[in-house]
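Below, read A as the first sequence line, B as the second, and so on, with proteins coming before strands; counting in each chain starts at 1. When reading the values below, keep in mind they use all heavy atoms of this one structure, side chains included, and skip hydrogens, waters and symmetry mates. In this text the structure is predicted, and so the values were computed from the model without any measurement.
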Amino acid sequence: KAGVTQTPRYLIKTRGQQVTLSCSPISGHRSVSWYQQTPGQGLQFLFEYFSETQRNKGNFPGRFSGRQFSNSRSEMNVSTLELGDSALYLCASSPGYGNYGYTFGSGTRLTVV
Amino acid sequence: TQLLEQSPQFLSIQEGENLTVYCNSSSVFSSLQWYRQEPGEGPVLLVTVVTGGEVKKLKRLTFQFGDARKDSSLHITAAQPGDTGLYLCAGGHNYGQNFVFGPGTRLSVLP
């Protein structure tokens, strides 16, 4: 069973640019959650998509957005990048119901210069 | 906002020692999970506990969910260098709500 695939693994962008990250969940999983991980703040919840609908949203500015496609693949977009957006962005896949845990991807390491 | 606290923040021990790390909250959770994360990788799920007082064992790791479902502990027996990593707890509420993660305990097991 293939795991969660995140692309790209590493990304370097300049302040003011925008970026799109991709996540392919485990086959059959309908929920995709996105987290930002930094040394100072730990894992911070961005948003969750379930069956193409945003089901939950964290406390991040509107520059952070996402979407989910009919095949459950998800993308997140960050516009007008700031230095503070440098982080490891993790995608987590789950069936979307019950107490099943997350299966995380390896993440995308974003560096904003 | 439901917050999870973890202690200790850092722990460095010798191979063969035992250790316990803690996860605490003022909120009641319907389930609690433990993950281990290694550098450059995403967290990997170790266990899910759902019943107050529940104890689960995974080889040398023992997980306990508090009776009131507000706290949990992870005990490692005879730690090995391969146990090194960031241990995260995550609390979940009802169906359809996202999990909240604690800040983690960074464990280093020295050979």
Exceeds 12 heavy-atom contacts within 6.0 angstrom, atom [atom1] of [X]:
X	atom1	result
A:Arg15	CZ	no
B:Gln80	CD	yes
B:Leu110	CG	yes
B:Gln9	CD	no
B:Lys56	NZ	yes

With a 4.5 angstrom heavy-atom cut-off, is it the side chain or the backbone of [X] that approaches chain B, or both, or neither?
X	value
A:Phe47	neither
A:Arg9	side chain
A:Gln44	neither

- request: State plainly whether one hydrophobic cluster holds both A:Leu11 and A:Val112, where clusters connect Ile, Leu, Val, Met, Phe, Trp and Tyr through side-chain heavy atoms under 4.5 angstrom apart.
  value: yes
field: Under 3.5 Å: donor-acceptor pair, side chain of B:Tyr35, backbone of A:Tyr102
entry: yes
- prompt: Do the two ring centres, one from A:Phe45 and one from B:Phe101, sit under 6.0 Å apart?
  reply: no
task: State, with a plain yes or no, whether a side-chain heavy atom of A:Leu43 is found less than 4.5 Å away from one of B:Pro103.
output: no
Gap separating the CG atom of A:Leu90 from the CD atom of B:Glu41, nearest 0.5 angstrom: 10.0 Å
